Amino acid sequence: MMDRDTIVEHRFTCPYCWEEITMIFDLTAEEQTYVEDCEVCCNPISLRFNVRNGMVVYLDVRQIA
């Protein structure tokens, strides 16, 4: 079960439609990579991020080629 300290809503720009969107990130693992669809244009986004001390310290958001 996740609590408030293990999840965070993070804001970034979609690499397809350039709209600002938010996604919920799980902070329980130090490094994560996954694919999530944009909530505006529905295109698949490749997300990779690193967590340190309960904060997102690196975020890479890319189109899937």
Side-chain angles (χ1 to χ4, degrees):
M1 184 172 166
M2 289 189 222
D3 62 31
R4 290 191 140 150
D5 295 330
T6 60
I7 59 171
V8 65
E9 186 175 23
H10 201 79
R11 185 176 304 273
F12 59 92
T13 302
C14 172
Y16 293 97
C17 68
W18 303 104
E19 291 290 329
E20 190 171 279
I21 59 174
T22 61
M23 290 187 183
I24 303 296
F25 289 176
D26 173 7
L27 304 179
T28 58
E30 288 185 11
E31 185 174 325
Q32 296 184 50
T33 303
Y34 63 95
V35 175
E36 183 88 22
D37 291 343
C38 172
E39 60 191 33
V40 176
C41 69
C42 300
N43 284 300
I45 302 169
S46 171
L47 294 146
R48 190 173 115 208
F49 64 94
N50 293 49
V51 174
R52 193 169 296 130
N53 297 324
M55 295 177 55
V56 176
V57 294
Y58 172 79
L59 174 62
D60 183 45
V61 179
R62 295 178 188 240
Q63 293 182 1
I64 295 180

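A quick note: this is a predicted structure, and the numbers were derived from the prediction, not measured.
In this structure, the side chains of Val51 and Asp26 stay at 4.5 Å or more apart for every pair of heavy atoms. For the pair Pro15/Arg62, no side-chain contact is recorded, criterion being any heavy-atom separation below 4.5 Å from C-beta on. Here the side chains of Val56 and Val8 are in contact, with some heavy-atom distance below 4.5 Å. In this structure, Asn43 and Cys14 have side chains that are not in contact, with every pair of non-hydrogen atoms separated by 4.5 Å or more.
Scanning both residues, Asn50 and Glu31, for their nearest heavy atoms gives ND2-OE1, 3.8 Å.
Glu36 contributes atom CD, which lies 8.5 Å from atom CD1 of Ile21 (distance to the nearest 0.5 angstrom). Here Leu27 contributes atom CG and Asn53 contributes atom CG; the two are 11.0 Å apart, rounded to the nearest 0.5 Å. Taken from CG in Asp60 to CG in Leu47, the straight-line distance is 8.5 Å, to the nearest 0.5 Å. Atom CZ in Phe12 sits 7.5 Å away from atom SG in Cys38 (nearest 0.5 Å).
Cluster membership for Ile7 and Val57, using ILVMFWY side-chain heavy atoms within less than 4.5 angstrom, is not shared. Hydrophobic clustering, with ILVMFWY side chains joined whenever heavy atoms are under 4.5 angstrom apart, keeps Met23 apart from Met55.
Annotation: side chain to side chain contact (heavy atoms under 4.5 Å, CB included) contacts of Glu9 (sequence neighbours excluded): Thr22, Ile24. Qualifying side chain to side chain contact (heavy atoms under 4.5 Å, CB included) partners for Asp37, counting only residues two or more places apart in sequence or in other chains: Pro44.
Checked against the 6.0 Å centroid criterion, the rings of Phe49 and Tyr58 do not qualify as a close aromatic pair.
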request  = Might you work through the salt bridge (charged side-chain N to carboxylate O under 4.0 Å, His left out) test for Arg11 and Glu20, ending with a clear yes or no?
outcome  = CA-CA 7 Å; Arg11 185 176 304 273; Glu20 190 171 279; 3.2 Å; yes
query = Is there a side chain to side chain contact (heavy atoms under 4.5 Å, CB included) between Thr13 and Val61 once you walk through the steps?
reply = CA-CA 8 Å; Thr13 302; Val61 179; over 6 Å; no
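Ring geometry, Phe25 versus His10: the interplanar angle falls under 30°, so the pair is classed parallel (tilted spans 30 to 60°).
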